[in-house]
Amino acid sequence: MRPARVHSWNISPDEATAIQNNLREKVVVSPINKDIHHIGGTAVTFNTTNNTIHAALSVLSYPDMTLVEQRGVSQEIRFDYISGLLAFREGAPLMSLFRKTDQDMDVVLFHSHGQAHPRRFGLASHLGVLLDVPSIGVSNKILVGHHEHLSEEQYSESHIVYDNERIGAALRSKENTKPIYISVGHKADLSSSTELIKKLVKKYRLPEPIRLSQLAADQQKEGRQVDMKKKRGQTSLF
DNA sequence: GCGACAG
DNA sequence: ATCTTGTCGC
């Protein structure tokens, strides 16, 4: 997948913030219109002793949810973690993952926030704009904003409000389990994003494309080969 | 000043 | 994120 837009990741926090304020103007909020056949999901894990970041991409066919392709990559960490600037810590390895495949993806899920961000431009929006692909942010916890109390039943949900705006949704993906937080990345809207995520949650709290990538990222971290692609019923390893 | 703070 | 035992629940 060729990025539609690029910029350096080797910059200062101030420059990073400026880039966010510029690129946020490129975000498009609209229903995910086209038919969905393939869904991408990413995840990363770190090894602080190595100063290495490991990232993985999984592509599932939809709605059968079959794993079609998986990619892994490891890079040196070169940007300290700063709340609100996560995209600059994970952006480079994530972008290299997409460069490794020509697989078509109708929407990509990122383990992060999209518009539910202090400058309304979290990692999910950032990568969505650079790749020019519909994207959704799915996170374990809120970065900014608040929401009403959720009942314990599955699918109870409430909007995340920040600065008097609805920036995302808190969704109880599984009964009696901590909620997940969903927000628009790019070329999507909140209702269609939430409905899609519901369909991608199976036995676990997080949607399958992200969950499978977390497992793959762990394998990548342990030095195991992750790259694989299924073709005509066959599986190719690289 | 105090608390919050994606991964 | 990651460091970790026990423990509750299906």
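Below, read A as the first sequence line, B as the second, and so on, with proteins coming before strands; counting in each chain starts at 1.
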Quiz prompt | Paired and unpaired positions of DNA chain B as dot-bracket, Watson-Crick or G-U wobble under 3.5 Å, | denoting a partner strand | solution = .......
Exercise. Pick base, sugar-phosphate or nothing for A/Lys221, based on heavy-atom distances below 4.0 Å to the nucleic acid.
Key: sugar-phosphate
Quiz item: Looking across every strand, which nucleic acid part, if any, lies under 4.0 Å from A/His117 by heavy atom: base, sugar-phosphate, or nothing?
Solution: base
Quiz prompt | Close approaches to DNA chain B from residues 78-99 of chain A, in residue order (heavy atom, under 4.0 Å) | solution = A/Tyr81, A/Ser83, A/Gly84, A/Leu85, A/Leu86, A/Arg89, A/Glu90
Quiz item: Salt-bridged, A/Lys187 to A/Asp132, with N to O below 4.0 Å?
Solution: yes
Exercise. Quick one: label A/Ile142 by what it contacts on the DNA or RNA (base, sugar-phosphate, nothing), any heavy atom closer than 4.0 Å.
Key: sugar-phosphate
Quiz item: Within 45° of the six-membered ring axis of A/Phe46 and under 6.0 Å from that ring's centre, is NZ or CZ of A/Arg89 located there?
Solution: yes
Quiz item: Do A/Gln103 and A/Lys229 have side-chain N/O donor and acceptor atoms under 3.5 Å apart?
Solution: yes
Sequence neighbours left out, cut at 3.5 Å: what donor-acceptor pairs do the side chains of residues 26-33 of chain A make with other protein atoms?
none

Quiz item: Side chains of A/Thr101 and A/Glu69: donor-acceptor distance under 3.5 Å anywhere?
Solution: yes
Practice problem: Compute whether any side-chain donor of one residue and acceptor of the other, for A/His117 and A/His126, lie under 3.5 angstrom apart. | Solution: no
Self-check item: Distance in Å, A/Ile19 CD1 paired with A/Trp9 CH2, rounded so as to fall on 0.5 Å steps
Solution: 8.0 Å
Exercise. Compute whether any side-chain donor of one residue and acceptor of the other, for A/Gln115 and A/Ser183, lie under 3.5 angstrom apart.
Key: no
Exercise. Say whether A/Ser12 and A/Glu15, considering side chains only, have a donor N or O and an acceptor N or O under 3.5 Å apart.
Key: yes
Exercise. Check whether NZ of the Lys or CZ of the Arg A/Lys174 lies under 6.0 Å from the centre of the six-membered ring of A/Tyr204 and within 45 degrees of that ring's axis.
Key: no
Quiz item: Below 4.0 angstrom, N of the basic side chain to O of the carboxylate: do A/Glu165 and A/Arg120 qualify?
Solution: yes
Quiz item: Along DNA chain B, 5' to 3', what are the outermost nucleotides having an atom less than 4.0 Å from a heavy atom of chain A?
Solution: B/dC5 to B/dG7
Quiz item: Distance only, no hydrogens: is a donor on one side chain within 3.5 Å (strictly under) of an acceptor on the other, for A/Ser61 and A/Asp64?
Solution: yes
Quiz prompt | Terminal contacting nucleotides, 5' and 3', DNA chain C versus chain A (heavy atom, 4.0 Å) | solution = C/dA1 to C/dT2
Quiz item: When all nucleic acid strands are considered with a 4.0 Å heavy-atom cut-off, which category describes A/Asn176: base, sugar-phosphate, or nothing?
Solution: nothing
Practice problem: Using a heavy-atom cut-off of under 4.0 Å over every strand shown, decide if A/Thr48 touches base, sugar-phosphate, or nothing. | Solution: nothing
Exercise answer: donor-acceptor pairs, residues 140-151 of chain A side-chain atoms, under 3.5 Å, sequence neighbours excluded:
| unit_1 | atom_1 | unit_2 | atom_2 | d |
| --- | --- | --- | --- | --- |
| A/Asn140 | OD1 | A/Arg205 | NH2 | 2.6 |
| A/Asn140 | ND2 | A/His111 | NE2 | 3.2 |
| A/Ser151 | OG | A/Glu153 | OE1 | 3.3 |

